[in-house]
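Everything numeric in this text was worked out from a predicted model, so none of it was measured.
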Amino acid sequence: MKDERRKVIGKELKPETLCAAAWLVAALAILISVWGPEILGKYRDKEVLDKIHVETVEEAKEGYRYRLNANEKVYILSKCLSSQILPESEQNSLTRTGNVEVDYQELEGAYAFVVNHKGPSGREITDQQIYETCNQGIEALKELDILPKEVKAVEKAAYDAVLYSAIDVLEPRNNVAVWKVSLSNSQKNANKENRLIDAYIDADSGKIYEFYVRTVLSWEEIDPDELVEKWSSYMGMSAPNAYESDNPLLETTPYYKKYVFSGMGDARTVVTIGFYEGINELFLKISK
C-alpha cells in the first residue's frame, strides 16, 4: 500500500506535471487581469445604473458668503447708490436704451448700479406685481408708524418702476436686485401732498429700503431714533449706533439725523432720517 502511494506521489511531482500546472495558473492570472475588471465593472453598473440612490451629504460651505443678510444687502445698495456719478435725469435717460447686456469688465469702480435689462428672472417681483408690492410695503410701514397714515397708495398710471441691479463689481455674485418706484415726471403739476415720491424696494422680499414721501408732519413731530429703530427691525437688521460728526454740511437740510449699521466685514452703512422743510418731505436714505 505504501509503495502504491509513493508511485502516485511520484507521478504528481514529475517536472512536466508541475510545469503544466504553472502554465495553467499563469493563463488564469492573465485572463483575470484582462477580463476581470470589465466583468466587475459591468456587475457594478447593474447595481448603480437605472436605480435611484439617496445619499446624505454635508452642505457645501463654499458660497455661504453670497447668501447676503439684510445688513449686507443694505451695505451693497448703499455703496452702489453712492457711486452714481450722473445726475438723476441723465441716469434715468440711460434706462430707456436698448436691451444691453451688462459687461462687468466695462464697469468702473468697485460698485455699480445698473438697469437690469433682462427683467425679472422668475424669482423677483415682476413689473406687473411691483405696484401692488409697493402698496403692501407702504401699508406695512404705516402699521409700524414709520410712515404717516395719510400717505396715499401708488397707482401704475402715475408712477414709473425700473428694475436695477446693485453689484459688487469685484465679486459680482454679491448683488441685490431692487425696484425703483418714482412719481412720474408727467405728474409735475399734480398735488404731491401725502404721496410717495421715490422708493427703492427689494425685488425679492418687497421690503422698502429707502423712501422719500410728502407729509403733513413737521420735523418736530418726527422721532428719528424711534423711526430708525422700527425700520431696522422691519428690515431684519442689527441695531444701529449713533453717527458721530461735527460737519453741518453733510445734508442740504438742517433737519436730519444719521445712524451707523454694520455692513460687510468691518465696513459700515450710514442711514439718514431727514426732512425738507417747505415741501414737507420726510426721507430715509441709505446712500450718502
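Scanning both residues, Tyr243 and Val260, for their nearest heavy atoms gives CD1-CG2, 3.4 Å. Minimum interatomic distance between Ala70 and Met235 (heavy atoms only, all atoms of both residues): CB-O, 3.3 Å. Between Ile208 and Gly137, the shortest heavy-atom contact is CD1-C, 3.7 Å. Across Tyr200 and Phe113, no two heavy atoms sit closer than the pair CE2-CZ, 3.7 Å. Residues Val228 and Asp225 share a closest heavy-atom pair of CG1-O, 3.4 Å. Of all heavy-atom pairs between Pro240 and Phe261, the closest is CB-CZ, 3.3 Å.
Formation of a donor-acceptor pair under 3.5 Å by the Tyr276 side chain with backbone atoms of Thr252 is not found in this model. With hydrogens and angles ignored, the 3.5 Å screen pairs no side-chain donor or acceptor of Ser165 with any backbone N or O of Ile167. A donor-acceptor distance shorter than 3.5 angstrom exists from the side chain of Gln129 to the backbone of Thr126, with no hydrogens or angles considered.
Between Tyr75 and Tyr111, the angle of the ring planes goes over 60°, which puts this pair in the perpendicular group of the 30/60° scheme.
Dense packing is recorded around CD of Glu150, with more than 12 heavy atoms of other residues, nucleotides or ligands lying under 6.0 Å away.
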Inset, instruction - Please step through side chain to side chain contact (heavy atoms under 4.5 Å, CB included) for the pair Asn174 and Met264, ending with a clear verdict. - result: CA-CA 11 Å; Asn174 285 348; Met264 298 188 76; 3.8 Å; yes
Inset, instruction - Take Tyr234 and Lys207, measure what side chain to side chain contact (heavy atoms under 4.5 Å, CB included) needs, and give me the verdict at the end. - result: CA-CA 8 Å; Tyr234 157 79; Lys207 291 188 175 181; 3.5 Å; yes
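In the hydrophobic clustering of this structure, Ile279 groups with Leu282; members are Ile, Leu, Val, Met, Phe, Trp, Tyr whose side-chain heavy atoms approach within less than 4.5 Å, directly or through other members. Note on Ile201 and Leu144: same hydrophobic cluster, where clusters join Ile, Leu, Val, Met, Phe, Trp and Tyr whose side-chain heavy atoms are under 4.5 Å apart, directly or indirectly.
Ser182 and Asp198 form a side-chain donor-acceptor contact under 3.5 Å, judged by distance and modelled atom types alone. For the residue pair Thr133/Gln136, the side-chain donor-acceptor check at 3.5 Å is not satisfied.
Here the straight-line distance linking atom CD1 of Ile222 with atom CZ of Phe275 works out to 5.0 Å at 0.5 Å rounding.
Using a 4.5 Å heavy-atom cutoff, the side chains of Lys180 and Glu210 are not in contact.
Salt bridge Glu281/Lys192: absent, no basic N to carboxylate O contact under 4.0 Å.
With respect to Leu183, the side-chain contact (heavy atoms from CB on, under 4.5 Å) criterion is satisfied by exactly one of Leu196, Val154, Ile197: Ile197.
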